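First the structure, in the form of structure tokens, and then the observations on it.
Predicted, not measured: the structure shown is a model, and the values here were computed from it. Just so you know, ligand 1 is whichever comes first in the structure, and atom 1 is the first atom listed for that ligand. The figures here come from the full heavy-atom set of this structure, side chains too, leaving out hydrogens, waters and symmetry mates.
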Amino acid sequence: MDILQDLENRGLIQQTTDREALQKHLNDNQVTLYCGFDPTADSLHIGHLLPIIMLKRFQRAGHKPIALIGGGTGMIGDPSGRSTERSLNEASVVHEYSEQVKLQLAKLVDFDNGTNAAVARNNHDWLGHMTVIDFLRDAGKHFGINYMLGKESVSTRIEQGISYTEFSYMILQSLDFMKLYEEENCTLQIGGSDQWGNITAGMELIRRSRENEDDDINVFGLTVPLITKADGSKFGKTAGGAIWLDPEKTTPYEFYQFWINTDDRDVMKFLRYFTFLEEDELAELQTALDKHPETRLAQKRLAEEMTVMVHSQGALEQAQKITTSLFSGDLKDLSAGDIEQGFKDVPTFEASKDDVGLIDLLVNASISSSKRQAREDIQNGAIYINGERQQDLQYVVNEADRIDNQFTVIRRGKKKYFLVHFS
Ligand SMILES: N[C@@H](Cc1ccc(O)cc1)C(=O)O
């Protein structure tokens, strides 16, 4: 099936410029396309995944993706989709973020697979050395103020205010498209739906600066939809904050759990958006969802695909093992690393490796508020050590209670977890 049809079936096209011409262009050529990512943090997050996967889809269809790192634009700040001015990051910080973002992109997009290997570029390489005179003469001349004021990213900000810095952002992104068009024969830019204005501005710049040339200029833009959820809340934001792609910031277990918790009403849409599963398999999962929603087969499949894609098969297996152990309450087979992932946000008490009476431990670790309370908790059967109830008031916590010789998981009541770390 051709790529545009596949994208359309998956609901992945928000807007395209001249759809028919784009179709023909993609049918007749190996097309070089790009998507830009501004380094606004030390890691990409789940909101960046859709455009990244889009690059992979085009790559699988035989086209050539460029992942553009916004080392230059990241110094300025895109007003698109934002209601307030951004605060500027130090140059050294943007530089550091750029390196991290580049490494992440390299893991996700195939940078060495022969004829259509993906390429990484950094727009600081050209924007960072441009003089202000060149900028105003060569780029600025092609942008009418009315045209710029008409862009949604600007018009929606006139009331609250927008700096000249952010106002100029669209010119920088346009210069990128022109640069990549000239140097890499890049003819398609893709992005999130809020990027439509910047993408079309780039096409306009390419056309205007080549007005006197006779050959046809074939450049295109395509945007993906904003991801919405049935419950109206924002995609990718949880109580614990953003879902990052960096395993140090969001562990693979947490990442896996994020997808597992997808609402029944959203799961099929997300499978279409994010995975490469094809119609027949999607239909099977739809049937499972209709007949046996309680098995959460579609959610499991989504979580598996995404965890392997962003992390690894090993990370998926670890996440599944932790999930099963936490569900059954049987923690014996977990390693210290598993415990750290599975109980990342649980209060942790540091202890030495000496045997200690359970009552003392409960009080020292602030699990029970007093010795009396500790005795009551134990007698009431509210205290569990590594998932096993302990009702002996004289019990001494010892080496055998240490998982991987480092952790003891204590539960008080139904789901209040505490971690004791022995060192
Ligand atoms: N403006 C894009 C990032 C980007 C940067 C440079 C480009 O040339 C293209 C895209 C964003 O904020 O998501």
Side-chain angles (χ1 to χ4, degrees), residues 14-15 17 32-41 43-55 58 65-89 94-95 97-98 100-102 104-105 108-109 118-128 130 135 139 143 148 151-154 156-157 162 165-184 186-206 219-227 235-236 242 245:
Q14 177 71 21
Q15 270 179 296
T17 56
T32 300
L33 69 147
Y34 98 97
C35 182
F37 303 90
D38 274 353
T40 49
S43 168
L44 295 167
H45 55 73
I46 217 159
H48 294 111
L49 259 187
L50 207 51
I52 295 173
I53 295 168
M54 286 291 281
L55 290 180
F58 278 99
I66 301 174
L68 180 78
I69 294 123
T73 40
M75 303 270 285
I76 303 305
D78 188 353
S80 305
R82 293 182 54 107
S83 55
T84 53
E85 187 86 11
R86 294 169 189 264
S87 49
L88 294 175
N89 285 324
V94 177
H95 183 73
Y97 290 173
S98 298
Q100 279 151 323
V101 166
K102 182 176 170 183
Q104 282 187 330
L105 286 168
L108 289 163
V109 195
V119 175
R121 300 289 307 260
N122 185 336
N123 64 16
H124 193 269
D125 292 347
W126 52 90
L127 298 178
M130 194 173 197
F135 173 76
F143 285 83
M148 294 177 75
K151 293 284 180 191
E152 201 178 313
S153 58
V154 174
T156 53
R157 284 277 296 279
I162 179 168
T165 311
E166 287 197 3
F167 175 64
S168 318
Y169 184 97
M170 71 177 81
I171 303 184
L172 299 182
Q173 185 162 338
S174 300
L175 282 165
D176 290 345
F177 200 176
M178 189 159 83
K179 180 80 175 176
L180 296 176
Y181 174 74
E182 285 167 352
E183 290 194 353
E184 311 268 359
C186 172
T187 48
L188 169 64
Q189 183 182 170
I190 67 170
S193 55
D194 61 356
Q195 294 299 310
W196 183 252
N198 291 340
I199 293 173
T200 49
M203 295 170 56
E204 196 62 25
L205 175 64
I206 295 172
V219 281
F220 303 89
L222 182 153
T223 55
V224 294
L226 187 76
I227 304 168
F235 172 76
L245 303 191

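Test Met178, Gln173, Lys179 against Leu175 for side chain to side chain contact (heavy atoms under 4.5 Å, CB included) and you get one pass: Met178.
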Write out each pair where an N or O from ligand 1 and one from the protein are under 3.5 Å apart, with the distance.
unit_1, atom_1, unit_2, atom_2, d
ligand 1, 1 (N), Asp78, OD2, 2.7
ligand 1, 1 (N), Tyr169, OH, 2.8
ligand 1, 1 (N), Gln173, OE1, 2.9
ligand 1, 1 (N), Gln195, OE1, 3.1
ligand 1, 8 (O), Tyr34, OH, 2.7
ligand 1, 8 (O), Asp176, OD2, 2.5
ligand 1, 12 (O), Asp78, OD2, 3.2

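Checked for salt-bridge contact, Arg121 and Glu184 meet the test: a charged N lies under 4.0 Å from a carboxylate O.
Phe135 is linked by a ring-ring contact (aromatic ring centres under 6.0 Å, His included) to nothing, counting only residues two or more places apart in sequence or in another chain. Residues meeting the ring-ring contact (aromatic ring centres under 6.0 Å, His included) test with Tyr97, sequence neighbours left out: none.
Using modelled atom types, one finds a donor on one side chain and an acceptor on the other under 3.5 Å when comparing Asp78 with Gln195.
Every pair passing salt bridge (Lys or Arg N to Asp or Glu O under 4.0 Å) that includes a residue from residues 188-205 is listed here, sequence neighbours excluded: Glu204-Arg207, Glu204-Arg208.
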